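Please read these numbers as outputs of a predicted model, since none were measured by experiment.
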Amino acid sequence: MAPKEESFDFKVLLPISTFLILNKFVDSKNTTTVFLGRLVFIVVITYVFSIWYFTYTKIQQEDNQEKVKLESSDISSLKRNGAIAKAGLRLLKPYISPAISSYVKKLINTAEELASKEYVTAAEYDSLQVFQKVSKLGISRSVISVGHMLLGIYKPLIVSSVIALTWLFDEPVVRIYVLGETEASDPWLKRPFRVKSLMAGIPNSFIDKTVKSKNE
């Protein structure tokens with residue numbers, strides 16, 4: 001059964017709405033506001049990483065041996081994220097423990113090894129999905145944290161927290177291992193996973209009118 005036609009996901013408006021609300025109604029110079037922003041950021045990111053860790057442990061426990069063909073886009077993405085993760089690890093090395101550094105290196109090496117294969121098991125494929133998501137999450141949130149410490153800006157802390165939570169439970173591996181969904185309940189969960197467009201489902205007539213009005 002083919003995946004249903006995508007509908008517009010109104011969750012894409014949440015981060016924008018959050019930023020506008022913060023910009024309009026929240027005093028960025030208030031020390032209490034800044035403290036609350038930091039607290040929200042720490043709590044949310046800890047929760048998100050915990051969900052990803054739980055997902056990874058479930059993948060290892062179930063150890064699905066079904067064969068999955070790696071798409072060229074998966075391989076390119078793995079190589080790109082591996083390079084980004086290595087660069088991030090070098091930058092953050094002074095601030096993290098040797099044990100964490102060693103564990104991250106092991107994950108990077110495993111991902112690079114799997115990226116050289118044409119077929120992997122479902123467990124390996126799902127683990128690669130976790131690696132890609134966590135590496136992006138870790139690097140982006142590290143940059144936001146450094147920006148906050150150096151420049152004192154706090155709005156990205158809140159907005160990034162909203163973004164991290166908004167689509168967490170839309171991730172295929174999270175839906176499979178945390179929510180207990182299956183391919184039978186939603187064809188979008190068939191491996192290799194398809195990437196959903198955030199702007200999918202917007203009527204073509206609306207897009208055409210928007211483009212036309214800009215050109216006039």
Would a hydrophobic clustering, with Ile, Leu, Val, Met, Phe, Trp and Tyr connected at side-chain separations under 4.5 Å, put Val130 with Phe169? yes

Say whether Val162 and Leu36 are linked into one hydrophobic cluster, either directly or through other cluster members, by side-chain heavy-atom distances under 4.5 angstrom. no

Enumerate the ring pair (Phe, Tyr, Trp, His ring centres under 6.0 Å) contacts for residues 111-144, please, sequence neighbours excluded, ordered by first and then second residue. Tyr125-Phe193

Does CZ belonging to Phe35 count more than 12 external heavy atoms closer than 6.0 Å? no

Glu181: side-chain hydrogen bond (donor to acceptor under 3.5 Å, both in side chains) partners, not counting sequence neighbours: Arg175

Do His148 and Val34 make a side-chain contact, defined as non-hydrogen atoms from C-beta onward lying under 4.5 Å apart? yes

Side chain to side chain contact (heavy atoms under 4.5 Å, CB included) partners of Ser127, counting only residues at least two apart: Tyr56, Ile59, Gln60

Verify same cluster id: Leu165, Val134 (apolar side-chain graph, 4.5 Å): yes

Gln65: side-chain hydrogen bond (donor to acceptor under 3.5 Å, both in side chains) partners, not counting sequence neighbours: Asp63

Could you tell me if the side chain of Phe41 sits less than 4.5 Å from the side chain of Ser145, heavy atoms only? yes

Just wondering, more than 12 heavy atoms not from Lys155 lying within 6.0 Å of its NZ? yes

Those residues that, when tested against Arg141, pass salt bridge (charged side-chain N to carboxylate O under 4.0 Å, His left out) (two or more places apart): none

Enumerate the ring pair (Phe, Tyr, Trp, His ring centres under 6.0 Å) contacts for residues 60-88, please, sequence neighbours excluded, ordered by first and then second residue. none

The criterion is side chain to side chain contact (heavy atoms under 4.5 Å, CB included); which residues satisfy it with Ser140, sequence neighbours excluded? none

Measuring from atom CD1 of Ile176 to atom CD of Gln129, what distance do you get when rounded to the nearest 0.5 angstrom? 9.5 Å

Out of curiosity, Ile144 CD1 to Ser161 OG, how far, rounded to the nearest 0.5 Å? 8.0 Å

Taken in chain and number order and not counting sequence neighbours, the residues that satisfy side-chain hydrogen bond (donor to acceptor under 3.5 Å, both in side chains) with Ser160 are none

Side-chain donor-acceptor pairs of residues 47-55 under 3.5 Å, sequence neighbours excluded:
{"unit_1": "Ser50", "atom_1": "OG", "unit_2": "Thr46", "atom_2": "O", "d": "2.7"}
{"unit_1": "Thr55", "atom_1": "OG1", "unit_2": "Ile51", "atom_2": "O", "d": "2.8"}

How would you list, by chain and number, every residue that makes a side chain to side chain contact (heavy atoms under 4.5 Å, CB included) with Ser17, sequence neighbours excluded? Leu13

Side chains of Leu70 and Pro192, heavy atoms from C-beta outward: is any pair under 4.5 Å? no

Just by distance, do the side chain of Asn30 and the backbone of Thr33 share a donor-acceptor pair under 3.5 Å? yes

Between CG on residue Asn64 and CZ on residue Arg191, distance to nearest 0.5 Å: 5.5 Å

Quick one: are Tyr177 and Thr57 in side-chain contact, heavy atoms under 4.5 Å? no

Using the side-chain contact (heavy atoms from CB on, under 4.5 Å) rule, take Thr121 and Glu66 through it: C-alpha gap first, then chi angles, then the decisive distance, then the call. CA-CA 5 Å; Thr121 67; Glu66 176 190 348; over 6 Å; no

Of all residues at least two apart in sequence or in a different chain, which pass the side chain to side chain contact (heavy atoms under 4.5 Å, CB included) check with Thr182? Ala184, Ser185

Which value, rounded to the nearest 0.5 Å, describes the distance between Leu189 atom CG and Glu171 atom CD? 11.5 Å

Any residue meeting side-chain hydrogen bond (donor to acceptor under 3.5 Å, both in side chains) with Gln61, in chain and number order, not counting sequence neighbours: none

Say you draw a straight line from CE of Met149 to CZ of Arg38; how long is it, rounded to the nearest 0.5 Å? 10.0 Å

Applying side-chain contact (heavy atoms from CB on, under 4.5 Å), run through Ile158 and Val40 and close with a yes or a no. CA-CA 7 Å; Ile158 305 297; Val40 168; 4.2 Å; yes

How far does CG of Leu137 sit from CG of Leu168, to the nearest 0.5 angstrom? 9.0 Å

